Structure formats: C-alpha cells, structure tokens
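Values in this document were obtained by computation on a predicted structure and should not be read as measured data.
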Amino acid sequence: MARYAIFAWCLCVCAGVDSARWSHSAYLNPDYRLLWSLGPGPQDITFELQVRTLGYVGFGFSKDGQMAGADMVVGWVDKGQVHFQDRHVKMFPGGGTEREPEVDSSQDYQLLLGYENSTHTVLRFRRRLDTCDPNDLPITNDTMRVVWSYHSSDEPTGGAVGPGSLPAHSHLTRGSQSLYLVQRVDQEAPRPEETARVWELRNRQVQLPSPGDTLYWCRVFRMPDMKNKHHLIRYEPLIDGDGASSKLQHVVLYECQEHPKLARLADQAGQQCIEPGAQPFACNAVVATWSRGSEGFSFPPEAGYPLEPTVTRYYMMETHYSTPLDGHGGTLFDSSGLRLYYTAELRRHDAGLLSIGMDPNWRHIIPPGQQKVVSSGHCVSECTSQAFPRSGINVFAVVMRTHRIGRQVSLRHVRGEIEQPPVASDDNVDAEYQEYRKLGAPVKILPGDHLIAECTYNSSGRSAITLGGLTSREETCLVVGLYYPRQKELTACHSLPSLPTVLHSLGIQELLPGSNPVKISAPPDLAGMTLEERLVTYDWENQFHSFQEATRKGSFRPLCWTAQSSQLPGTDSIEALYPNITRPYRPHKAQCSQPSHRTRYSTEPGPGWPGGTPLQEVDSNHIEGAARSKSQSVTIGYVGPAIYGLMFIEEEQFWLNQWPRAVRNNMKTVWEPIHVTAEDRPLLHKQTCLSDVLQYVHITLRLAYRQSDQATASDTHEFNQVISKSSQHTKMADRRVSRKLDETSHVIDKMTMCCRACRRPVAITTRLGSIKNVSRPLSKIGFMF
C-alpha cells in the first residue's frame, strides 16, 4: 500500500468559519480597529481593518504622519461587491490644497477578505514588507507612522479609479498613529505551571487638562505584601473608558530607591510630576512603559523582572495626558493605569534594566536652526568590564527615549576596535510613542564592550539652544535595555561632555575663577561675557560644524551609576575619548526582490471570473468586539480565481487534487503530477510534519463539526480528546464523527496550512467542499502513517 502524508503551510485564513488569530491589535480610534500578523511568508505582513462605517475605508503609512506622500489602500463594499485599491498621495511643494490619493500603476496589496454588515466594514489584506514599488513605503523595524481614515457613509460608485472618484473630505474621519509593526512583543499568557497574581496600579480620578494643555501626573505605589522575591512576567494597560483614552499619551512605571517621604506619598492620590520647588526622588529605573497603540509587554519565558521587598518597596507611575485644542477637558476625570502579572514561581533568570546614553545635564547642548544635530552618550569599557559577568549579558528588549526634536536613535556596539551590528536602531522615532521593542534575538554584550547611544535631532524649528534635562522642553538621549542575567553593580551607564570640551566647542579658552554668574576671561574678545550670554549669542549658523566636530571628538566624562546613586569604584576620575574604531559596521544593503507588478484592481474581471470578484454568503459575522449583524448572511469577496486542493506525497510524486471554483459552482477535478526533486526529499519525510498533520485533522473537523446542529457539548468534548491523542486514534475519530459530518453540508472555506518544521513552503492552499467530501475515512485521503 502506498504511504501518504499531507504537508500544509500555516493556517492563516479561515474565512467564513472562524475569525483569524492575530498576533497584534490596536484601536486607532474607538471606531477603527487594526489587527496584524507577520506572515505567511518571511517577508509578508497581513492586516485586517474593522471599522464602524458603511462608507469607504483608508489605511496606510507615511514618513511623518501626514497624508502628503502617504502610501495607502482604499476599500469599500458597493451593492455586495468589494472594491480594493492600492493608492498613494503625491507630495505637493509649498503646501496648498491636499491631493486625493491616486491609484498606483502597480497594485501590491492583495485583498483576502472584505464584507460589511449593518454597522461595520471589514477588510483583510496582505503585502510584502518591501514591495519595491517607489509609491509604497517599506515596512521596517523603525517606528511606522500609520495613517487611517474612513467616510461616515459615502463610497465611490462601482470601482471608480480616476481623479475625483473618492467622495469629498467633509465627512471624513482620519488621523495617524505611531506603531512598531515588526519588532513587537507577542502578548503571552502565563505558562500553565505559573500561578500568576495581579497587581493593578490606577490613578485616582485625575482631572484631565483643558484643551491645548498637557499634564504629567505622578503617583507612588507600595508593593503588595510579599515575603519573598517574585517575578514580574507581563503587564498591560488599564484604560478608563473612551472619554479619556484619546487624551492618554503614555504611562511609565519607575522603580524607586528608598526615601523617607515615599511612604507618605504612597497613601496619596498623586501630584504633578514637576512641582515648583519639589525635590525629585530617585525613581529612575524604567520597569514598564506603555504608549498609545501599545498592547503591553511579556517577558521571555526564561526571564522575569524581580520584585524584591528587601531591595525596594516603592514604585512611581508617571502618566502623560494631553488634550487637543478641539477636545474636551476640565470636567473629565481619569483612573487609567497598568495591570501587572507576577508569580512566585521564579524563572531561570532575573531580568535587569540598564540605562545607556547622555546624562541629563546642561552640558548636553543642541544648537538651534539645524536639520541634523548628533549627540552621543557612552557606556565605556571600564564600566562593562567591572560590572558584567564573564559570560556577558543578553539584551532582549530596548526602549529609546528622546523628547520633542529627536528623530533617530541607535545603540551602537563596539568590541575592541571592531564595531558590531547595532543592538537596535530607529530612523523614525516619535517622542510620543516610546515602548519596549523586542529584539529578533537577544544580543550578547561582553565585559569590556563599549556601547554608544547615538541620537539625531532636528532643531530647525527652534530659535534658541536646547539643553539636556528631564522636562519635555529640554532634550535627552537614552536607551534603556532589558537583559538577563541581572547584575547588581551597574544600573545607569551614562556620559557627559567634559567641561573643557564644552568650552572649546564654544570658542572659550578660560573661565574667570570664582565668578558668579560664571564669566569668561579668555580669549580677550569674549572677556567679561557670561557663559549664558555666550550660549545665547553664539553664531550657530556659521560655527555649527566646528561645534559638532568638537563635541563628537572631544573628551567626555563617564558616569557609571550604581543603584545607590554612587559611581563604580575607580571610574569617577576617568576622562575618556571616542573609541578608536578601525572596522566600522556597514549594513548590508539587500537587493530588493521585485515581483512582477500586478496592474489589475481587485474588481477587474479575470479569466474564468466574468463580472469581477466572486462572492460567497456565510451565516456569521466575525467582527471582534463589534455587534453581530441581525441579518442572516454577510457578503464576503475574494480576489481573483483561487486554486484549492489537497497535496499528497506518494513515493516521488505529488498528486495535486485541485478544485477551481468556477462561476455558478461548476466544479471539476484536475489531477496534476508534480515531480519531487532530490533536494526536496529530506524536507518531505513523513515524520517531518506529523504534529502539523494532526493539528490539521483537529482544526478541519472541529470547525466543521462545531457547525453541525446535531453536535452536542459532550460529543464535541469527546471528539476533541480523541483527535488530539495520537495518530493511532485517527480511525477511532473516523467512526465517531463521520456519521455526524454526513449530516451537514456546511462549507469549510479558504484554509492555508503550513509545516513549521520545513524550511520553505512545500504546499499550497486547501479547499474542502462540503463535509461529505471529507467524511470518508481519513486514512483513505492521506492520513495513514
């Protein structure tokens, strides 16, 4: 008897039967939900939009969050027909009237699913991370500016694509949101062996700022009662209703050092973070951070952040509110915060926090009126060699922090005289969106390595200098890294330009000793001028490049801070210079693999599809978080003629059973042999995908069985138990469920399967017709092992 195995490429779409499983989601506004996952291919990303409107929907990306220069898609449903177009907005010099998005000559977004019910429009689609189309923006590790829009009711007539085809903007709701789309943490539930406890940190009815104002609110919390160390393993936001959600910008939780006043503050409702005359507390280590669009953070399975009552008992939560000029404030109150999950079952490693960059200080000077100003903060080798364990530390996540004029941040990594690939970098940072980003793989930092937090600013909109500091009007350059195993010597590894470097960069040779305010004594043409006057009157326009050269190549003072706010022994007198890099890192510029351009729109007829995109009626509405439609059917459209089938391996042949779904359900079967090359044989061993095959059986029959009116809860439970045990029980499953499956003719629609163990795709999408087509014994259709 021939031996068969079925190999399938990752379950991605289960349209019409079950909602897709998404890795990430974000509400761009209360009526506009975005869901996405990377895949199915290594260079693909799949999105779904769920929007409360029956008009047209827009979604895309731009470099700065503005519509000009945006790469976007526009979709709508008109008389049961789904329309979907890849468009772009041309840049217009000197401003002027905003242009309508134009249809791309290359349609690089692929529609997978589209429908509307009585309240919502839903569009699901995918694209390549880099489409190689000059009108499309590549999706990278950088902060992506997502632009979105929807019309309250109107939509273009038919599949119009020409100028003026979109309705007027008068009833258009739109906005932008910064998001990490690629380097983003998957929120994972605690493992079964972990008993997770919950600690909720909420503000207490904070009065929101008036329109046009901003508020930073700080509240101190006392750790829950615990005798032993626990691990923080996950956190997520607590949003207090829709009224305040649009005004909530970010929430940051800091670990505090012991201070006599913290106990009293922990019993209060909080205060403004920067009170006149208030003494700042040593609450500097960032434990958790949330920004608009963030889902929170889950620590990797091997590490958790230690909550140790013997080390610290107090944490401070900083909440940033901002009310737009056209918003409502003053009478609204908010009690948002964070929900922390922690466990007594300790993981293998304690996670630690390390801050790297420029110490907040006036010596960090950013000249005005410049498109590009670069500042560097150093963690020198003398600090890492003394503090890090011999095996090094593993950085698994970072948060990059600048204030309003920061544009780029990179954490450079130097070992000896050779520069390694950067730990992380972002060429499009947003000061209002700064959360932990998960690295693709932990980066090993060894004792003696030198780290450089390099920040680039755009001060062209400022007429006066910007100094380093803690307020949003000042600037900062910090990268906070999460790592394991935790070392207890070093918590902040910063630097500052030395005073001689600062003076030299300003053309000052000598200060007058004992003067107050500080005055200049040399050179003679500056004698008697105060240092403040020199900063204000310096000719930045003509002297900027000499200033930049002096600050980048001049000496600096390392600051290797411990948790006790003291410096590591032997490092307090060091004056260091920029490291000598003999082999700088040069990123590999990958050639864009440009696919053949698709020039047809989703509504354009194709071979075998007269009249455009095929439609199918299904009897459920799968909008997550939205009211289900009262109607008994929802119209769903698919792009182009889909090819479906089951793929089998018989010795050295694939037997591909294809069911092209022709117009009016004219079904026919086509058998096509595909040769298996010698290169493919190792990937196609029958054991390779055994677990995936069993998962396929489970998913396929479970979805079908659940739709049967005759299926009872006990039947379903029994079936699930049987089908998941092992392959030897497949025949038992045949006998137990085939009778039930014969009683329904529900269609299992489009499924895409995968083999996680295989290194590249070896199968195609699967189309199963009625349940009667699959209710014969499974061992006869490819499940014999």
Any side-chain to backbone donor/acceptor pair from Tyr235 onto Thr289? Under 3.5 Å, distance only. yes
Would you say that more than 12 heavy atoms from the other residues, nucleotides or ligands in this model lie under 6.0 Å from the CZ of Arg583, or not? no
Among Glu435, Glu318, Gln434, side chain to side chain donor-acceptor pair (under 3.5 Å) partner for His250: Glu318
Of Gln548, Arg552, His364, which is the lone residue that meets side chain to side chain donor-acceptor pair (under 3.5 Å) with Ser375? His364
Looking only at heavy atoms, the pair that brings Leu506 and Tyr538 closest together is O-CE1, 3.5 Å
To check you understand the geometry: which heavy-atom pair defines the closest contact between Thr402 and Cys455, and what is its length? CG2-SG, 4.1 Å
Please report the C-alpha distance between Arg557 and Asp359 in whole Å, then the side-chain angles of each, then the deciding distance to 0.1 Å, and finally whether the salt bridge (charged side-chain N to carboxylate O under 4.0 Å, His left out) criterion is met. CA-CA 10 Å; Arg557 182 188 174 194; Asp359 210 59; over 6 Å; no
Between Ser385 and Ser381 (side chain of the first, backbone of the second, donor and acceptor by atom type, cut-off under 3.5 Å), is there such a pair? yes
Donor-acceptor contact present, side-chain Thr312 to main-chain Cys256, <3.5 Å: yes
Evaluate side chain to side chain contact (heavy atoms under 4.5 Å, CB included) for Ile418 paired with Tyr585, printing each intermediate quantity in order. CA-CA 8 Å; Ile418 300 174; Tyr585 171 74; over 6 Å; no
Between Glu295 and Arg184 (salt bridge meaning N to carboxylate O under 4.0 Å), is one present in this structure? yes
Return the CZ to CD1 distance between Arg197 and Ile233, rounded to the nearest 0.5 Å. 11.5 Å
Is it true that Cys560 and Cys493 have SG atoms closer together than 2.5 Å? no
Side-chain donor or acceptor of Arg347 paired with backbone N/O of Pro300 under 3.5 Å: yes
Donor-acceptor pair between Thr143 and Asn428 side chains, under 3.5 angstrom: no
Expected output: side-chain Thr384 to main-chain Asp449 donor-acceptor under 3.5 Å: yes
For the residue pair Gln249 and Tyr433, confirm or rule out a side-chain donor-acceptor distance under 3.5 Å. no
For His230 and Thr343, does a side-chain donor sit closer than 3.5 Å to a side-chain acceptor? no
Contacts of Glu475 meeting salt bridge (Lys or Arg N to Asp or Glu O under 4.0 Å) (sequence neighbours excluded), chain-then-number -> none
Are any of the side-chain heavy atoms of Met317 and Phe221 separated by less than 4.5 Å? yes
Does anything in residues 385-438 pair up under disulfide bond (SG atoms under 2.5 Å apart), and if so which pairs, sequence neighbours excluded? none
From CG (Asp334) to CZ (Arg202), nearest 0.5 Å: 9.0 Å
Quick one: pull up CG in Leu354 and SG in Cys379 and give me the separation to the nearest 0.5 Å. 5.5 Å
Between Arg407 and Arg404, the two heavy atoms sitting closest are NH1-O, 3.2 Å
Stepwise salt bridge (charged side-chain N to carboxylate O under 4.0 Å, His left out) test for Glu236 and Arg339: CA-CA 5 Å; Glu236 61 192 23; Arg339 177 183 288 122; 2.8 Å; yes
Looking at side-chain heavy atoms only, is the closest gap between Arg222 and Asp267 below 4.5 Å? yes
State, with a plain yes or no, whether a side-chain heavy atom of Asn141 is found less than 4.5 Å away from one of Ser425. no
Taking atom CD1 of Ile356 and atom CG of Leu411, what is their separation to the nearest 0.5 Å? 5.0 Å
Nearest 0.5 Å, what's the SG-NE2 distance between Cys477 and His403? 11.0 Å
Run the side chain to side chain donor-acceptor pair (under 3.5 Å) test against Tyr180 and tell me which residues pass, sequence neighbours left out. Arg437
Side chain to side chain contact (heavy atoms under 4.5 Å, CB included) between Leu215 and Val206, worked out: CA-CA 10 Å; Leu215 171 67; Val206 176; 3.8 Å; yes
Ser459 side-chain N/O to Gln370 backbone N/O, donor-acceptor pair under 3.5 Å: yes
Ile405 backbone acceptor or donor facing Asn458 side chain under 3.5 Å: no
Would you kindly say whether Arg462 and Thr466 are connected by a side-chain donor-acceptor distance under 3.5 Å? yes
Going by side chain to side chain contact (heavy atoms under 4.5 Å, CB included), name the residues that satisfy it together with Ser495, two or more places apart in sequence or in a different chain. His378, Phe556
Test item: Arg363 side-chain N/O and Ser498 main-chain N/O as donor-acceptor pair under 3.5 Å: no
Is there a side-chain contact between Leu535 and Ile365, using heavy atoms and a 4.5 Å cut-off? yes
Heavy-atom closest contact (Met358 atom, Pro497 atom, distance): SD-CD, 3.7 Å
Side-chain contact, heavy-atom cut-off 4.5 Å: Leu499 with Leu503? yes
Donor-acceptor pair, side chain of Gln487 and main chain of Leu490, under 3.5 angstrom: yes
Side-chain H-bond candidate by donor/acceptor type, Asp350 with His231, under 3.5 Å: yes
Closest non-hydrogen atom pair between Tyr436 and Val287, with its separation: CE1-O, 4.2 Å
Mind telling me whether Phe388 and Tyr483 have parallel, tilted or perpendicular rings, with 30° and 60° as the class edges? tilted
Any pair with a residue in residues 510-523 that passes side chain to side chain donor-acceptor pair (under 3.5 Å), sequence neighbours left out, goes on the list, sorted by first then second residue, please. none
Once you measure the plane-to-plane angle for Trp199 and Tyr315, does it fall in the parallel (<30°), tilted (30-60°) or perpendicular (>60°) bin? perpendicular
Might you work through the ring-ring contact (aromatic ring centres under 6.0 Å, His included) test for Tyr321 and Trp217, ending with a clear yes or no? CA-CA 8 Å; Tyr321 300 97; Trp217 189 260; 8.3 Å; no
Using atom types as modelled and distance alone, determine if a side-chain donor or acceptor of Lys444 lies under 3.5 Å from a backbone N or O of Ser391. yes
Side-chain heavy atoms of Gln420 within contact of Val414, under 4.5 Å: no
Side chains of Thr562 and Ser566: do they bring a donor and an acceptor to under 3.5 Å? yes
Write down the atom of Lys553, the atom of Leu577, and the distance for their closest heavy-atom approach. O-CD2, 4.2 Å
Once rounded to the nearest 0.5 Å, what's the spacing between atom CE of Met144 and atom CG of Asp430? 13.0 Å
Min side-chain heavy-atom separation Leu340-Leu253 under 4.5 Å: yes
So for atom CD, which belongs to Glu200, do other residues, nucleotides or ligands contribute more than 12 heavy atoms lying within a distance under 6.0 Å? yes
Tell me, which pairs form a side chain to side chain donor-acceptor pair (under 3.5 Å) where one or both residues lie in residues 570-579, sequence neighbours left out? Arg412-Tyr578, Ser555-Glu575
